[in-house]
Amino acid sequence: MEDPWKREFEFAVEVARKAGAEIRKAGESEIRVMTKSCTVDLVTKTDERVEKIIIGSLKEEFGEGTHCFIGEESVAKGEACVLTDKPTWIIDPVDGTTNFVHGFPFVAVSIGFAVNKELEFGVVYSCLEDKMYKAQKGKGAFCNDEPIQVSDVQDIKKSIIISEHGVDRSPEKVTKIFSTMQKILCIPVHGLRGSGTAATNMCLVACGAVEAFFEIGIHCWDIAAGAVIVKEAGGLLLDVNGGPFDLMSRRMVSANSDTIAQRIIKEIEIFPVVRDDALVQKK
Ligand SMILES: O=P(O)(O)O[C@@H]1[C@H](O)[C@@H](O)[C@H](O)[C@@H](O)[C@@H]1O
Ligand SMILES: [Mg+2]
């Protein structure tokens with residue numbers, strides 16, 4: 001099978017590893033914490049610096065203007081968040097920023113790549129675990145170059161489900177989030193987990209450590225890379241209402257099978273979120 005984006009894929013792995021080393025080094029010294037949308041939506045100088053390193057390296061390697069970029073911290077500063085047909089890098093420089101600030105050991109660099117709005121490959125580097133997850137469309141999923149695949153558990157009562165509460169602390173949303181988690185827990189499932197980073201959660205689905213991850217409130221940069229990795233590991237992605245996966249919708253279910261996905265979807269109490277491509281952009 002032809003491999004038109006091989007060079008971009010291989011370079012993305014290199015850049016993710018370099019970015020991970022920067023994050024580990026930064027974690028050894030004072031971390032300056034700032035906030036974005038609310039007091040618990042944290043960002044650090046490391047997030048911003050690492051995103052600049054990633055995008056700068058990609059522009060240097062592939063030229064200015066040939067590719068588009070959607071980066072979490074660039075969007076936070078007002079850059080557009082619109083997916084066009086052009087080759088587009090979808091980047092979360094530090095997924096699990098709150099974990100990074102607290103020294104909780106799950107922090108990932110997430111680099112997705114889409115062409116004609118189709119995800120071509122994804123790289124997630126869990127840098128404190130030194131686990132490099134990667135996948136190209138049609139070519140399987142790997143962790144540290146070993147093939148990975150989703151769990152074969154079909155009985156929801158023998159599953160672990162992973163989700164996150166996000167940064168929105170409004171009572172109506174928190175109630176829906178925890179009511180959903182309570183319903184799933186009391187199916188009962190073996191357990192509920194949350195690593196604190198969507199990208200890592202998706203890789204845990206891909207390697208069979210958990211059966212499904214769902215979340216309402218994530219962003220395209222949290223899940224673009226993980227989406228390819230889950231699919232190439234034999235999993236599937238859906239909207240939380242059971243419809244087709246929509247990268248920009250800020251909600252999704254990723255699972256090892258449709259059986260598990262549909263059982264989870266039955267319990268999810270949906271609340272509205274503003275799409276990534278409807279975010280107000282810099283004038
Ligand atoms: O803000 P980052 O750390 O990039 O993303 C985090 C996780 O990916 C997500 O799952 C979590 O719910 C979110 O709160 C947090 O922003
Ligand atoms: Mg992030």
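When a ligand or atom number is given, it counts from 1 through the structure's own listing order.
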Handout entry: Salt bridge flag under 4.0 Å for residues E73 and K52
Key = no
Exercise for the section: Would you please write out the protein residues whose heavy atoms approach any atom of ligand 1 to under 4.0 angstrom, listed by chain and number? Expected result: E72, D92, V94, D95, G96, T97, E164, G166, V167, G196, T197, A198, E215, I218, D222
Practice task
Please work out whether the ring planes of W89 and F121 are parallel, tilted or perpendicular, with thresholds of 30° and 60°.
Solution key: perpendicular
Handout entry: Heteroatom N/O/S of E72 within less than 2.8 Å of the Mg ion (ligand 2)
Key = yes
Problem - Residues K6 and D3 bridged, charged N to O under 4.0 Å - result: no
Practice task
Decide yes or no on side chain to side chain donor-acceptor pair (under 3.5 Å) for D47 and T97, but give the supporting numbers first.
Solution key: CA-CA 8 Å; D47 295 68; T97 299; 2.6 Å; yes
Exercise for the section: Considering only NZ, NE, NH1 and NH2 on the basic side and carboxylate oxygens on the acidic side, decide whether D145 and K134 come within less than 4.0 Å. Expected result: yes
Exercise for the section: Report yes or no: does D92 have an N/O/S atom closer than 2.8 Å to the Mg ion (ligand 2)? Expected result: yes
Practice task
For the residue pair H67 and F69, categorise the inter-ring angle as parallel (less than 30°), tilted (30 to 60°) or perpendicular (more than 60°).
Solution key: tilted
Exercise for the section: Decide, counting backbone as well as side-chain atoms, whether W221 has an N, O or S atom less than 2.8 Å from the Mg ion (ligand 2). Expected result: no
Handout entry: Lys/Arg-Asp/Glu bridge criterion (N-O < 4.0 Å) met for E22, R49
Key = yes
